[in-house]
Structure formats: structure tokens, C-alpha cells
> 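The structure is given below, and queries will be raised subsequently.
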Amino acid sequence: MEFRLLGSVTVVAADGRELPAGSAKRRSLLAMLLLNPGAPVTVERLTETLWDEEPPRHSRTVIHNHVSGLRSLLTAHDAPAAGVELVTDNGAYRLRTPDQAVDTVRFDRLVARARSLDDAARAAADLREALALWRGPALAGTTAGLPLQSAARALEERRLAAVEDLARAHGRLGDHCAAAGLLHTEATADPLREPLVAHLMHALGRAGRRSEALDWFHRTRRALAEELGIDPGPELTDAYARLLRTDTPPSRPDASPRPARPPGRSDRVPPARHPSDQEPPDRLAFDRQAFEPVPPTRVPTVGGLASVPDQRPAPAPVPAPAPVTARPPAAPAATAAQHTPWPFPRRPRGFAGREDELAALDRATAAPGAVALLTGGAGVGKTTLALSWAHRRHQDFPDGRLFVDLCGHSPLPERDTAAVLRELLLALGLPVERMPATAEAMGARYRELTAGRRMLIVLDNARRSDQVRPLLPDGDDCVTLVTSRDRLGGLVASDAARPVPLAELSSPQAVTLLAATLGPDLVAAEPEAAARLADLCDGLPLALRLAAARLATGPARALAALADELADEQDRLDLLDVEDTSVAATLALTVQHLGEPARRTFRSLGAHTGATLDSRTAAALAGCRPDEAAAALAQLATAHLIVQIGRDAYTLHDLVRLYARSLPGDTDTQVLPRLLDHLLNTLLTACAAAEPGSEPCCALPPGTRRPAEVRPFPDRASALAWYAAERDTLRGAVEAAVTAGLHDRAWRLVLLQWPLIVWQVRDGWAPLLEHGLAAAEADRDPGAQSRARALLGWVLLEEGRPDQALDHLERAPDLAARAGDGCAQAVALVNHAVALARHGDHAGRSRVHGLLLKALSLAERAGRADLVGLARQHLAHECLAAGAHEEAAQHAARGLAVAEPPFPVTRRVVLQTLYGRALAATGHPEEAARHLGAALRTARAHQYGEGEAEAGAALRALSDGGAAVAGAVAPAVASPGTAAPGTAVHATAPGGPAYARPSTYPR
């Protein structure tokens, strides 16, 4: 059982349920008991708590009733077993609880432990845990009596002290941006709390945002004068003076002495970590953070901005200002020689690879006054690459390097242009008293001061082109390096910025990064696991470093074990979350800046079952028009959440898709059904293009939505290419449909892939077809079961598993007959006959012949010319093998009569070759040569290599031996596939019967 005071006063049962604590007075009584855990609280004290004015005459009875109600509540929920007991003690009441049952006790202990720790990271973790116990104003929901008001104020003071402690811990870790963000929220809520504002000013100064810190001072000074009529106190004034003095670094927010460090460890405070794009510092995982020595004084920095050296003699230091009056004092002067010696951001540790991108940056910055635009998605390592390049090329910029985090995608507010320009001017040596009044004037002065100097300006984490333009320096000797998650095409157009796109690491590069982070020995010991881990992290440097951090700090150090954990999509994002850094949080900073249509489209992408998509697919997912989806996809590509790989073609990385899936969306439950219906309609269109003249193997299920636009396929090759490209998407759609119980769509998604399945029959289709068969059985559709078994049986036959194949093929015709589907029965009979001919004995040929004749009869009865031609093709082949040459010629001739366009030309090549063989066997060599020659020319014209080989072999046999041609080329005709150009076709067993892979399975 748990009691909560840091927020609404509540009682929580052991199973996590919040118990009804009763009225405000009963909650107030409970709060007073909990504020004194285990100590007696007198009735007089409780009376004072419950009634702010004169209590009623029966106040003791009311208190007794409330105590009885609380005791009943606790007893009913097994409080004594949890060590909780409300007892009467000499006219007072005492609530005994375990040590950790009250959140105020836990809060105080965590804060006390944090204050005793020398390790700033552990202290910060304890403080975050303590502050997480707060759910709102303390003691909410109680009466307004003076005792509880005083207690609430005291608790709030303890909370603010903990916040300040956490800010100090962030400062000790060098994360001044996080400290500033933490304190900014509190100072906004309590702007007259001078120590809090002083801490905020310190943090902002250390984060390189001195102008904002000074603004806070003046804002607080004015508020104190207007509301209280007083001047700032010594602590606030001292913080102001320290910011203005530039001869020494600003002092630490906490005045307590720092603990001694072990020998060999640097005592320098790390610089601020920039929250966007940069991979997490190594200290999160390895405790090996080492900082380079401070650069020579010719390139000192202020507020994270590398300043330009000033060769003039330095004047005497400016004394601290006198006590501030209620009226604004004149700003003390600052000179160019008095800059705080903070280093340019350190060279990133563990940087590996990216040689091509470094070379691209060299080329992009070669022109006079170059502006290089380093773009890429969240966590891809833009800041790391920019800093690595800046350190490699530092000798090219003798007049200094400036670094500014524009906070375009950041938990902190976007940087104000005027504030950034003010800091840049201060860094360039402009005295405070000569600071221009407007942003435009500051921009002009900034360009004047940078003209003629050889400097590097790094503008990190920009979001818009107009955010960057005022910060571009003047002159041909300055180089500007901009990093952004957006493409910033406007900057390319207006300022000739040279884009340097940064993609995810390749698998070898990602493994190299793991080796640089974890150590080469660990990666070399498990090379396959390292490669798998790299793939699961999508080659994203941030994800790779987080995975390495989890591995290095976890109980086990096995790459394979971590890869197994990451393979579970449900847990992957949670595993890539270490302390205050995560892939999800980094992506969130990008998503929050999207417009609502793009944000809605992005959320819907979580339901997508593949890695590629176009505007039609996105429109189906989001339930909008294709033009609206196209606009949203363009915005997502600009923000590098998806990658454009062609015209209206995009790819979506797994981690991004998983993040989209994790986002809280609206109540639209039709996202997946819309996607499935879109895919079904596209499959039907692809089938018609891949097998012209054929009929669909199934109709759309009832209630299927017709998409606003279906992808067109101009020819067979484009349809087959789409099938191959979307294979993973379709497989994922089948699994999603089965999981959602949409079995009627699941089996159709499988069967409508038949053109690619029969074309690449030995490409591992059996598991997918087994899924389709199971879905058909769950849907209780015997026709669908027949078609699934017919196709699965043929695949198993081609894979060399005849026993399993025949089991499916023998059951398929009866299932089709039960469904009354004559076409499906005809196909099942053909497939069964071919399997028996290939793997049966010679005595079974009469059965094969009978099955094919029955299939022919069913096809003619249904009026299916394509199936008629298919049955006669196999009858002709079977008759040739049995020596029935006349019957073979008849079947081949009649098959040719129906194999006219729009049926595939490959079918005609196969039938014409069979007819030529039959004519040769019946003593008509000249006519046979004419048909075989026509088949050869047609196959060659359509790049049908297998058909060309078969027709050519038959012609050679005809010239060599006349009638012997019938048997000489039987193995060649045994595999009459119809491969598209460049497609491999698998031959059947020598002498086996033919199966025309693109046409045997039903339409």
C-alpha cells in the first residue's frame, strides 16, 4: 500500500488501484497524519487543520467519524498485512506506515542520497527519480487550513531545492542546456525567486546564451521594482556581475567545493551537450569522457562561441557593478580582450567512417564564401560530422571558429535571431555599450566584423532558411557550415548553399562504429551478431551508440543477446533509451515541428507493413486524397523522416516506422483495412498486366473500399517488377491481416501474388502459401483452400518435396468441386496431373491423361480460353511422351487457335514448338520446320531465352533425324517458362512433363 502527498492526496492499493479517500476534510486529516508518519497527532492539531475558523461544537465527533472511515478503508484493503495501521494513542491518532510507503519520505531520502554522492550522473538519476514523484501541487484536494498551507509551501520549497540540485548536477556533467531548460520552467512559474533566477542565469551563460541570461536579470529587476519596490539582492546582482566580467569564467552555480578527482582525470567541466542530432556522449556508457586541452588563447570562446583574438592591449578589468537600483543602470563596458576561455566543442569521441562525407564537405567548402549545408535525419550524426570536420580543418581558420546551436529541433525554444547576433558580436569583440539596438543593425555590424577574416561559422540544428540567413558572415574567406534535419532548399536558392546529404551508415561502417565504441575485440568475437545489430539499428549512429551503451552498462556483454532483444519490434525503441537520450525522443523533436496534415500522415505510417511507399499508399493509410498525401510525404522527406528514392517513391526505416506506431493517434481503426484494400486493388491491376487475357483468381471481399487512385501498370514487366519490389510489404500485410482477424483479405493477398510465385517458383514461397491456406481455412472458403493447395503443391513439387506436394494437389480438386468453382478445379487437376506424370510410374499415364481431359472439359464449360490452352498444352506434351503423335498434334493445333493476343506470347511459343514436334513425328517435316522456325523467331524477338533454346533444339533434331525430334527435345520442352528479360527460369527434371509457370496457376 502506498500514500501520496506530492500532488492530490491519495491512497493506492497493492494492486495499483487508487482507493476512494473520501471528502476534502477526510483527505486533510489523512494528510496531517502522513506528514507526521508514526508520530501522534492530537485532536486539537487535527481540528486546527480541518477548520480554518471556529470549529463546530461536534468537531470531535466529525474527526472520530473520519478516522473510523479511514480505518475501515485501510482494513478493507488489507492494510495491516502491508504494515499500515491507524491507532488511537492517549487522545491522539497515530498512522504507522513502512518507511517507503509515503512519497514524501521517499522524496526526501532520494534527495539526501543525491546530495551525498560525488558522482554527478548518479546524483542526477536520484534527483530525477525524486522529482518524478511529484504529480502536481503538494497536498492538492485538501482544505485550506493554515497547517496544510504551511506544509504545502514547505514541500514546494523542498521541490525547488531539488530542482536546483538537479540543475547543478547537469552543470557538473557539462549539460548546461538541460540545466537551463529545467530552471527556465521553474523561473517562469516563480519569476521573483531570486536564487532560482540566479541559477538560471549561470546555466544560460555556461550554455553559450549570455544575452538570454542578461535579459532574465533585467526582467527580474523590473519585476522586483514594480511589484515589491525593491532592488535585486546580492545573489542575483553577483550573477549579473559575473556574466559581465569576461576576464574569468563564470563561477559554478554551486559554491560548494568540488570533490577530489582520481589522478589522471580532467578537472575541466565538459562543454554543453547539444540535444539534437548529436550521438550521446560516451560518458553515458563508458565513463571515459576526456576533453582536449583548451585551444590557444588566440581562439578563445564566449558562451560556446569561438571568438576572434584582439591584438590590442587589454584594459584593466571592469569592477563589479554597484548595487542595482530600481531604475535601469548603465551597462558596464566590455572589451574585446576579455572573453571567457571556454573551448570550442570538443572533437567527438568514437567517430568512425564517413570519409566520403568528409571529402564532400571539403569540396562544398572550397569556393569563396562557401556555405555548406549538412542535412540528414534525426540521430544520423550531423553535429558529430560537422565538429569532426571542423577539428580536422582548424588550421584553415586562424581568425577563429564560432559554434551556435540554433535549437531548431530541440526541447529548448528556438533561438531568437537578435539574441544569437548579440552573442556573435560579443564573441567578435564588440563592447556591450556599442551593441546596436535592432536585429537588422546587429546583422549589418556582424557582417562588417566578419568581412576579410578567415573564420569558420558552424550553425548547428537549424530548422528554416530564414533562421540562418541573418547569421551568414560576409567576405570570401569565411566558411559557414549549417546542419539541419530539413533540406533548407531556400538557402540553396538564395545563398548558393552546397548540400551535403548525410545518410545512415552502411553495414560495414556501422560495424566499424561499434568497434570504435565497444572495442575491436568484442566485435571481432561476434562478427555476425555485430552485423545483425547494425541492421537492427538501421545504420543510425545514435541508435548504434545507445545499443553500445546498453551493452557496456548491462550485466551481459554478448552482442548476439542484445541483437535477439532488439529483434522484437515491441521492445526495440524501449531498448534504445539510455538515461535521458533515446531514439524516440530525438525523432519527437522533428515530428513536433510538422504541420498537422504531415503529422497525421506520419502517425498513419506506423500501420504500414513495408519499407517502401508512394502517395497512393500513404493516401490509403491516412484516408486522404493522393495529392494531399503527396504534399505530406514531401514534407516528411524534407524533414528526413522518410527518404525519397525516386519519383513518388519513398523508403521508411524500421526505427522511424516503429516510432510512428508508438505515437498516440486518433480513434481511426480503419487504417489497416484501408491499406489492405489498397493492396488488394493494386494486386488485381498488377495481375491483369502481368497475365493479359487472364481472369482474376478471386473477387474482392464484401465491403472492400475502392481507393481514390490505383497504380497503373503499362506492361507485364512493370507489373512483375512491382510484385518483386513489394514482396516484403505484401508479406507483412498478410501477417497483419491474420493478426487482425481479417482472414478474407489475408488469403487473397497471398493468392493474388501468383504471377510472381509461378515465375520465381523456387524462391521460398512455401511459408507464405501456408499462411494463405491457414487464412482460407479460417475463412471457411473451400474454393480459396483449393487454389492455395494447388499453388502450394506446385511450389513444393518444384522444391523437390513430391510427397508433401501430392498431398496438397490430391485434395485441391475436391475442395474446388465442393465450392462449385470449375475453373479452380480445372487448374487443380492440371497441377495434379503434371505432378503425377513427373513422379508417378509409367502405368499411371492413363490417369494423368484422364485428369487433363477432365480439366479441359471444365475449362471449355466455363468458357476460359486461357485454361483451355493450358490444358491442351499439357495434353500435347503428354501425348508426345506416350507416342500418341496424332493426338498431340490435334491438341497443340487447337491450343494455338486460342493462344492469340492478349494471351502471353510465351504461351504461343510453347504450343507452336509442341506442334512442330508433333508434325515432325507424323511425317510432315517441312510444315514442322515452318512452325519451329516461327516459334524460334518469336521467342528471340521477345527475349524468351528458354523458348528460343527449345525451338532451336527441335529444329536441329529435325534436320538430324526427322521423326526423332519428338523424343529428342522432350527434356527441353519440359520446362516451358516464360521469363521476362533477365529473369532466371528453373528447369524441371529431365523428361518430366511441362508446367508453364506464368500460366498454370489460376487467374
Side-chain angles (χ1 to χ4, degrees), residues 1-41 46 49-50 62-89 93-111 113 125-145 147-149 151-152 154-156 158-159 162 568 570-571 573-575 577 584 661-667 669:
M1 182 168 285
E2 180 183 348
F3 299 93
R4 297 175 179 173
L5 300 177
L6 304 178
S8 298
V9 177
T10 56
V11 183
V12 181
D15 58 4
R17 289 182 299 113
E18 189 173 306
L19 304 181
S23 65
K25 279 191 167 30
R26 184 168 298 179
R27 290 174 185 269
S28 300
L29 186 146
L30 175 62
M32 184 54 68
L33 294 173
L34 291 170
L35 287 169
N36 300 274
V41 181
L46 292 174
T49 300
L50 299 186
V62 173
I63 291 174
H64 175 74
N65 290 338
H66 283 311
V67 170
S68 298
L70 284 174
R71 188 177 284 132
S72 298
L73 175 70
L74 297 174
T75 303
H77 291 86
D78 206 18
V84 177
E85 188 178 12
L86 178 53
V87 298
T88 305
D89 184 1
Y93 296 101
R94 186 195 304 265
L95 181 59
R96 296 172 178 155
T97 62
D99 289 344
Q100 296 295 311
V102 185
D103 58 358
T104 54
V105 176
R106 296 203 305 278
F107 172 80
D108 289 337
R109 291 188 176 182
L110 285 167
V111 171
R113 186 171 70 184
D126 281 349
L127 290 165
R128 280 194 294 270
E129 183 180 352
L131 290 168
L133 296 173
W134 284 76
R135 297 165 292 107
L139 308 180
T142 60
T143 59
L148 289 182
Q149 285 185 354
L155 287 170
E156 176 63 12
R158 281 143 67 182
R159 186 189 72 83
D568 186 351
Q570 301 298 322
D571 298 331
L573 283 178
D574 291 337
L575 289 169
D577 185 342
R661 185 182 298 173
S662 72
L663 292 176
D666 49 28
T667 57
T669 60

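Throughout, residue positions are numbered sequentially from 1 according to the sequence presented.
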> Taking only residues two or more places apart in sequence, or in another chain, which ones meet Val62 in a side chain to side chain contact (heavy atoms under 4.5 Å, CB included)?
Trp51, His58, His66

> Between atom CG of Leu110 and atom CG of Asp126, what is the distance when rounded to the nearest 0.5 Å?
5.5 Å

> Let me confirm one number: the CG-CZ distance from Leu19 to Phe3, rounded to the nearest 0.5 Å.
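Here the rounded value is 8.5 Å.
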
> With rounding to the nearest 0.5 Å, note down the distance linking CD in Gln149 to OG1 in Thr49.
11.0 Å

> Grab the two heavy atoms, one from Asp103 and one from Leu6, that are nearest each other, plus how far apart they are.
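In terms of heavy atoms, the two residues are closest at OD2-N, 3.0 Å.
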
> State whether the side chain of Arg96 and the backbone N or O of Gly83 hold a donor-acceptor pair below 3.5 Å, judged by distance alone.
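Absent.
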
> Work out which heavy atom in Ala152 is nearest to a heavy atom in Ala138; give both atom names and the distance.
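Answer, listing the atom of Ala152 first, then Ala138: CB-O, 3.9 Å.
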
> Taking atom CZ of Arg106 and atom CD of Glu2, what is their separation to the nearest 0.5 Å?
4.5 Å

> Using the rule side-chain contact (heavy atoms from CB on, under 4.5 Å), only one of Val41, Asn36, Ile63, Val87 pairs with Tyr93; which is it?
Ile63

> According to side chain to side chain contact (heavy atoms under 4.5 Å, CB included), who are the partners of Ala79, at least two apart in sequence or on a separate chain?
Met1, Leu74, Val84

> Rounded to the nearest 0.5 Å, what separation is found between the CG atom of Leu33 and the CG atom of Leu29?
5.0 Å

> Nearest heavy-atom pair of Arg71 and Thr88: which atoms, and what distance?
NH2-OG1, 3.6 Å

> How many angstroms lie between CG in Leu5 and OG1 in Thr104, if you round to the nearest 0.5 Å?
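Going from the CG atom of Leu5 to the OG1 atom of Thr104 covers 5.0 Å.
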
> Is Ser28 reaching over with its side chain to a backbone N or O of Thr143, donor-acceptor style, under 3.5 angstrom?
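Here the side-chain-to-backbone pair exists.
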
> What residues, two or more places apart in sequence or in another chain, satisfy side chain to side chain contact (heavy atoms under 4.5 Å, CB included) together with Pro37?
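Listed in chain order: Thr97, Val105.
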
> Has the side chain of Arg26 got a donor or acceptor atom that lies under 3.5 Å from a matching backbone atom of Leu70?
no

> Taking Thr10's backbone N and O only, do any of them form a donor-acceptor pair with Arg4's side chain (distance below 3.5 Å, no angle check)?
no

> Would you mind reporting whether Pro40 and Arg94 have side-chain heavy atoms less than 4.5 Å apart?
yes

> Which atom pair, heavy atoms only, marks the closest approach of Phe107 to Arg159?
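Heavy atoms of Phe107 and Arg159 come nearest at CZ-CA, 3.9 Å.
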
> Kindly say whether Gly141 contributes a backbone atom to a donor-acceptor pair with the side chain of Arg27 at under 3.5 angstrom?
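Between the backbone of Gly141 and the side chain of Arg27 there is no qualifying donor-acceptor contact (under 3.5 Å).
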
